[in-house]
Amino acid sequence: GPLSPIMRFYASASSAASPPNQPETPMLARATTNSLVLEWETPNGNGAQVNLYVLKMRVSQFQGKDSEDFHDVYVGSSTSFEIKGLVPSQLYYFYLIAYNSVGHSPPSNLVLFQTLRD
């Protein structure tokens with residue numbers, strides 16, 4: 001029928017999409033002694049909507065040595081998240097990855113935030 005050329009156009013347009021651009025570095029919205037609230041902007045989805053974010057975190061140092069690898073602290077579609085259960089006066093590294101239906105972005109730059117003193 002008359003709709004088939006439009007359907008073909010949409011099929012070819014979606015297949016031309018690519019993974020999202022590198023996200024901007026997450027920003028600190030609020031810090032307490034035991035939590036950090038981070039916010040971030042939605043990067044360009046390059047033809048496919050950004051539908052998922054993965055926020056990675058690790059403690060900067062613990063007792064003078066690197067204590068852990070990066071791990072997922074948030075996986076979801078929101079552009080902000082509160083990380084709870086943290087330690088006062090502790091530094092934490094973060095970076096962000098954005099996903100669309102095609103794949104994932106390069107990681108954002110690393111950023112370092114600190115909880116407040118007790």
Discussion item. Please enumerate all residues that pass ring-ring contact (aromatic ring centres under 6.0 Å, His included) together with Tyr92, with sequence neighbours excluded.
Written reply: none

Response to the item:
What one should report as the nearest heavy-atom pair of Pro43 and Pro23 is CB-CA, 4.0 Å

Practice prompt. Could you tell me whether the side chain of Tyr74 reaches within less than 4.5 Å of the side chain of Leu38, counting heavy atoms only?
Written response: no

Practice prompt. Could you pull out all residues at least two apart from Asn44 that satisfy side-chain hydrogen bond (donor to acceptor under 3.5 Å, both in side chains)?
Written response: none

Practice prompt. Please list all pairs passing the salt bridge (charged side-chain N to carboxylate O under 4.0 Å, His left out) test where one or both residues lie in residues 43-55, with sequence neighbours left out.
Written response: none

Worksheet item: What heavy-atom pair brings Ala98 and Pro20 nearest, and what distance separates the two atoms?
Response: O-CG, 3.7 Å

Item to complete: Taking side-chain hydrogen bond (donor to acceptor under 3.5 Å, both in side chains) as the test, write out the residues that go with Ser35, two or more places apart.
Response: Thr32, Glu82

Discussion item. With rounding to the nearest 0.5 angstrom, report the CG to CE distance, Asp69 to Met57.
Written reply: 12.5 Å

Discussion item. Can you confirm whether Tyr93 is buried at OH, in the sense that more than 12 heavy atoms of other residues, nucleotides or ligands lie under 6.0 Å from that atom?
Written reply: no

Worksheet item: Which atom pair, heavy atoms only, marks the closest approach of Pro26 to Trp40?
Response: CA-CB, 4.3 Å

Practice prompt. Taking the side chain as every heavy atom from C-beta outward, state whether Leu96 and Phe94 have any pair of such atoms under 4.5 Å apart.
Written response: no

Discussion item. Tell me whether Val73 shares a hydrophobic cluster with Val37, the cluster being built from Ile, Leu, Val, Met, Phe, Trp, Tyr side chains joined at under 4.5 Å.
Written reply: no

Worksheet item: Is there a donor-acceptor contact under 3.5 Å from the side chain of Asn100 to the main chain of Gly45?
Response: yes

Fill in: Reported CD-to-CD distance for the pair Glu39 and Glu24, which is rounded to 0.5 angstrom
14.0 Å

Would you list the atom pairs, donor with acceptor, under 3.5 Å between side chains in residues 49-56 and any protein atom, with sequence neighbours excluded?
from, atom 1, to, atom 2, distance (Å)
Tyr53, OH, Thr42, OG1, 2.9
Lys56, NZ, Asp72, OD1, 2.7

Worksheet item: How close do Pro107 and Gln22 get, heavy atom to heavy atom, and via which atoms?
Response: O-NE2, 2.9 Å

Worksheet item: Short question: side chain of Tyr99, backbone of Val102 - any donor-acceptor pair under 3.5 Å?
Response: no

Name the atoms and distances for all side-chain donor-acceptor pairs under 3.5 Å in residues 109-116, with sequence neighbours left out.
from, atom 1, to, atom 2, distance (Å)
Gln114, NE2, Ser89, O, 3.2
Thr115, OG1, Val87, O, 2.5
Thr115, OG1, Ser89, N, 3.0
Thr115, OG1, Gln90, N, 3.0
Thr115, OG1, Gln90, O, 3.4

Worksheet item: Is there a path of hydrophobic side-chain contacts, each under 4.5 Å between heavy atoms of I, L, V, M, F, W or Y residues, that connects Ile83 with Met27?
Response: no

